[in-house]
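What follows is a single structure, written as structure tokens, with notes after it.
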Amino acid sequence: MLEVTTEATEIASIFINLRHTSISKRHLPVRKRKEQLRSLEEFLLKNRERIQQAVNTDFKKPFMEVDLSELYPVLGEIRHAIAHLDEWTGPKKVDAPITYFGTRSEIRYEPKGVCLIIAPWNYPFSLCFGPLISCLAAGNTAIIKPSEITPNTSALISELVSEFFDKNEVVVVEGGQEISTELLNLPFDHIFFTGSPAVGKIIMRAAAENLTSVTLELGGKSPTVVDETANISSAAKRIAFGKFLNNGQTCIAPDYVLVHENVKDEFIKNLKSHTLALFGEDGKLTESSPSYSRMVNSKHFLRVQQLLNTAIADGATVEFDGTINEATNFFPPVILSNVSLHSKVMQEEIFGPVLPIVSYKNEDEVIELINSKEKPLALYIFSERKSFRQKIERSTSAGTVCLNECVIQFTHPNLPFGGVNNSGIGKSHGYWGFLEFSNQKPILKQLTRFSSISLVYPPFRPKLKMMIDMMLKYF
Ligand code: NAD
């Protein structure tokens, strides 16, 4: 697959075929899209074990975690799209103001055309197939470029796509940066990119050459605030789950915790015990714990290790850790306190199982710290005080917010998902995903021979002024 598709000419010819199909697909009834999604749902369920196996081979993600965090979000997208596609695709009538007397208008949703989906490695299956569902629901064709860092899952995605789809409708092109760069030269009708803010900028620059619209699902440092009124045990349990799931390699994982100084010790104690209970076995979290994933490769292992070592050199205290094994990319959960705000661990997205805890005295410190950084993808606030939650939420900006919860906003079918500025542009999932892949086309129809707007056509003689004056004042 790789050798064939690395050729620029090969990619260009795939693109031309997809373009032809995208034009003919425009005339298919929405019923056909639903039928396809229904059989895709069945097909993926039949291939559940292959999916579990491939992701597990890439980074030892437990099979049940693969079901929950890779397959289930995709099945959820499919079921939600099937249930709502008629409503989403139906023309939406809009009212006409009096100046448009005699007209009727509506918004129709047309497929954008040929779309490019570029995915990261951390949820390698769901971040390819999730956007693909929105893309197909909107009636498009697609090229998918999975991540080269999870080769087993990428190869499986390629196999599954060629088994299920016509080769002129959806195609997988495997490869790394060079292949992405080649793909980005093509005039796609939409690019849906999930990955880092740094690469997001490269994607947006390339898209600008063709004036291609983009959805950028990016990352960053997601703050988590725990105030003194929070239910500490439940906050610690939810944070442990959100942080250490997938070995901390989750775009919306809590990146650091700001905890009120009065409850810091109690919070750390609870965080340790919940982490052990969730991911360990018999009170220990070792390489044989079946519920804990691995770092994806040694490059990321060493990157996180370096962040940790620098934090310790900058004065951080290790509150909880285990035995690291570089040979197997086993990186146990690490909880740090007394972390310097200037240390690299508080500057860069961690994207690994290291959790810095920073204590605060008053709300303004929290707001100032969050606002001193790029706008995050997620903000989590744990507090029993509504006024506190509101103050933090309204004084800061974030892509998504969870109050007294953590990471579960991602799979809610009726919520848009996405970042803001540095953490992303555009929204995905459900209806919002459908909109990203659709051109919202306004259609205005004049129903009468007489057009009310003709009353203000030129020539601009003095008697027209009275009419325009009235228009400016009243309509
Ligand atoms: P990445 O940006 O390095 O790579 C993402 C994709 O871009 C890969 O397919 C890769 O091959 C391609 N790519 C890499 N360099 C490129 C270049 N120079 N030109 C063109 N394409 C290039 O990201 P990653 O390391 O795979 O994933 C981690 C990042 O993704 C984190 O920042 C994380 O927060 C973010 N993320 C965001 C979401 C979200 O939904 N917002 C979800 C998962 C991950």
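Predicted model, so just to flag it, every value in this text is computed and none were measured.
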- Message: Please check this pair: side chain of His274 against backbone of Arg238, looking for a donor-acceptor N/O pair closer than 3.5 Å.
- Response: no
- Lys391 with Asp227: basic N within carboxylate O range, under 4.0 Å: no
- Item | Short N-O contact, Arg50 and Glu163, less than 4.0 angstrom | yes
- Item | Separation between CZ of Phe301 and CE of Met295, rounded to the nearest 0.5 Å | 8.0 Å
- Item | Minimum side-chain heavy-atom gap Lys25-Leu136 below 4.5 Å | yes
- Item | For Val354 against Pro356, the heavy-atom pair lying closest together | O-CD, 3.6 Å
- With rounding to the nearest 0.5 Å, note down the distance linking CD1 in Ile203 to NZ in Lys201. 13.0 Å
- Of all heavy-atom pairs linking Ile118 and Ser180, the shortest is CD1-OG, 4.0 Å
- Message: Is it the case that the side chains of Ser288 and Thr286 hold a donor-acceptor pair, with the cut-off being a distance below 3.5 Å and no angle test?
- Response: yes
- Query: Taking the six-membered ring for Trp, is the centroid-to-centroid distance between Tyr431 and His80 below 6.0 Å?
  - Reply: no
- Does Pro111 offer a backbone N or O that forms a donor-acceptor pair with the side chain of Asn439 under 3.5 Å? no
- Message: Just checking Phe244 against Tyr292, ring centres under 6.0 Å apart?
- Response: no
- Query: Would you say the side-chain atoms of Asp189 pair up with the backbone N or O of Cys115, donor to acceptor, closer than 3.5 Å?
  - Reply: no
- Message: Can you tell me how the ring of Trp121 sits relative to the ring of Phe59, calling it parallel under 30°, perpendicular over 60° and tilted otherwise?
- Response: perpendicular
- Item | Close side-chain approach of Leu183 to Ile143, heavy-atom, < 4.5 Å | yes
- Test side-chain contact (heavy atoms from CB on, under 4.5 Å) applied to Glu349 and Leu377, step by step: CA-CA 11 Å; Glu349 180 181 9; Leu377 185 56; over 6 Å; no
- If you measure only the distance, is there a donor-acceptor pair under 3.5 Å linking the side chains of Glu436 and Thr215? yes
- Message: In the structure I gave you, are the side-chain heavy atoms of Pro376 and Pro223 within less than 4.5 Å of one another anywhere?
- Response: yes
- Item | Interatomic spacing from SG in Cys406 to CD1 in Ile239 - rounded to 0.5 Å | 6.0 Å
- Message: Angle between ring planes, Phe15 versus Phe188, binned at 30° and 60°: parallel, tilted or perpendicular?
- Response: perpendicular
- Task: Could you go through the side-chain contact (heavy atoms from CB on, under 4.5 Å) check for Val161 and Phe129 one step at a time?
- Result: CA-CA 10 Å; Val161 163; Phe129 271 90; 4.0 Å; yes
- Should we say atom NZ of Lys272 is surrounded by more than 12 heavy atoms from elsewhere, each under 6.0 Å from it? yes
- Task: Please check if any side-chain donor atom of Thr141 sits under 3.5 Å from a side-chain acceptor atom of Glu169, or the reverse.
- Result: no
- Query: Between Asn422 and Leu218, is a side-chain contact (heavy atoms from CB on, under 4.5 Å) present by the stated rule, with each step listed?
  - Reply: CA-CA 7 Å; Asn422 197 69; Leu218 310 176; over 6 Å; no
- Item | Phe192 and Ser428, any side-chain heavy atoms less than 4.5 Å apart | yes
- Lys264 bridged to Glu228 by N-O distance under 4.0 Å: no
- Message: Any heavy-atom pair between the side chains of Phe351 and Arg303 that's under 4.5 Å?
- Response: yes
- Donor-acceptor pair, Ser383 side chain versus Arg385 backbone, under 3.5 Å? yes
- Query: Has the side chain of Ser273 got a donor or acceptor atom that lies under 3.5 Å from a matching backbone atom of Asn270?
  - Reply: yes
- Do we see a donor-acceptor contact under 3.5 Å between the side chains of Ser69 and Lys61? yes
- Decide side-chain contact (heavy atoms from CB on, under 4.5 Å) for Ile149 and Asn297; before the verdict, give the C-alpha distance in whole Å, the side-chain angles of both, and the deciding distance to 0.1 Å. CA-CA 8 Å; Ile149 292 179; Asn297 59 23; 3.5 Å; yes
- Looking just at side-chain N and O atoms, do Glu326 and Ser298 make a donor-acceptor pair shorter than 3.5 Å? no
- Query: Is there a donor-acceptor pair closer than 3.5 Å between any side-chain N or O of Asn140 and the backbone N or O of Val114?
  - Reply: no
- So, are Glu287 and Lys284 salt-bridged, with charged N and O less than 4.0 Å apart? no
- Task: Answer whether the closest heavy-atom distance between the side chains of Leu40 and Ile133 falls below 4.5 Å.
- Result: yes
- From Asn421 atom CG to Ile425 atom CD1, the distance as rounded to the nearest 0.5 Å: 7.0 Å
- Can you measure from CD (Glu70) to CG (Asn56) and round to the nearest 0.5 angstrom? 11.5 Å
- Message: As an exercise, state the distance from CD of Glu41 to CG of Leu75, rounded to the nearest 0.5 Å.
- Response: 6.0 Å
- Inspect the surroundings of NZ in Lys112 and state if more than 12 heavy atoms from other residues, nucleotides or ligands are less than 6.0 Å away. yes
- Task: Specify whether Phe434 and Tyr109 have parallel, tilted or perpendicular ring planes, treating 30° as the upper limit for parallel and 60° as the lower limit for perpendicular.
- Result: tilted
- So which heavy atom on Arg294 is nearest to which on Gln249, and how close? O-NE2, 3.0 Å
- Query: Will you find, in the side chains of Thr317 and Asn338, an N or O donor that is under 3.5 Å from an N or O acceptor?
  - Reply: yes
- Query: How close do Pro120 and Gly195 get, heavy atom to heavy atom, and via which atoms?
  - Reply: CB-CA, 4.4 Å
- Message: Can you tell whether the side chains of Arg389 and Glu393 come within less than 4.0 Å, N to carboxylate O?
- Response: no
- Run the numbers on Tyr72 and Glu77 for side chain to side chain donor-acceptor pair (under 3.5 Å), then give the verdict. CA-CA 9 Å; Tyr72 177 68; Glu77 282 286 344; over 6 Å; no
- Task: Would you name the heavy atoms of Pro254 and Leu355 that are closest together and state the gap between them?
- Result: O-CD1, 3.9 Å
- For Ser423 and Lys375, indicate whether the former's side chain and the latter's backbone hold a donor-acceptor pair under 3.5 Å. yes
- Query: Any side-chain heavy atom of Val257 within less than 4.5 Å of one from Phe267?
  - Reply: yes
- Can Ser222 and Tyr256 be counted as having a side-chain donor-acceptor contact under 3.5 angstrom? no
- Query: Between the side chains of Thr21 and Asn168, is a donor N or O closer than 3.5 angstrom to an acceptor N or O?
  - Reply: no
- Looking at side-chain heavy atoms only, is the closest gap between Thr224 and Ile381 below 4.5 Å? no
- Item | side chain to side chain donor-acceptor pair (under 3.5 Å) between Glu174 and Ser154, intermediate numbers included | CA-CA 7 Å; Glu174 289 186 79; Ser154 294; 4.7 Å; no
- Query: Is any NZ, NE, NH1 or NH2 atom of the basic residue among Lys344 and Asp314 found under 4.0 Å from an Asp or Glu carboxylate oxygen of the other?
  - Reply: no
- Parallel, tilted or perpendicular for Tyr360 and His260, by the 30°/60° rule? perpendicular
- Task: Count the heavy atoms of every other residue, nucleotide or ligand shown that sit under 6.0 Å from CD of Glu368, and state whether that count exceeds 12.
- Result: no
- Query: So which heavy atom on Ile392 is nearest to which on Ile370, and how close?
  - Reply: CG2-CD1, 4.3 Å
- Give a yes or no on whether a salt bridge exists between Lys221 and Asp255, defined as a side-chain N under 4.0 angstrom from a carboxylate O. yes
- Message: Counting only heavy atoms not in Arg48 (residues, nucleotides, ligands), do more than 12 fall under 6.0 Å from its CZ?
- Response: no
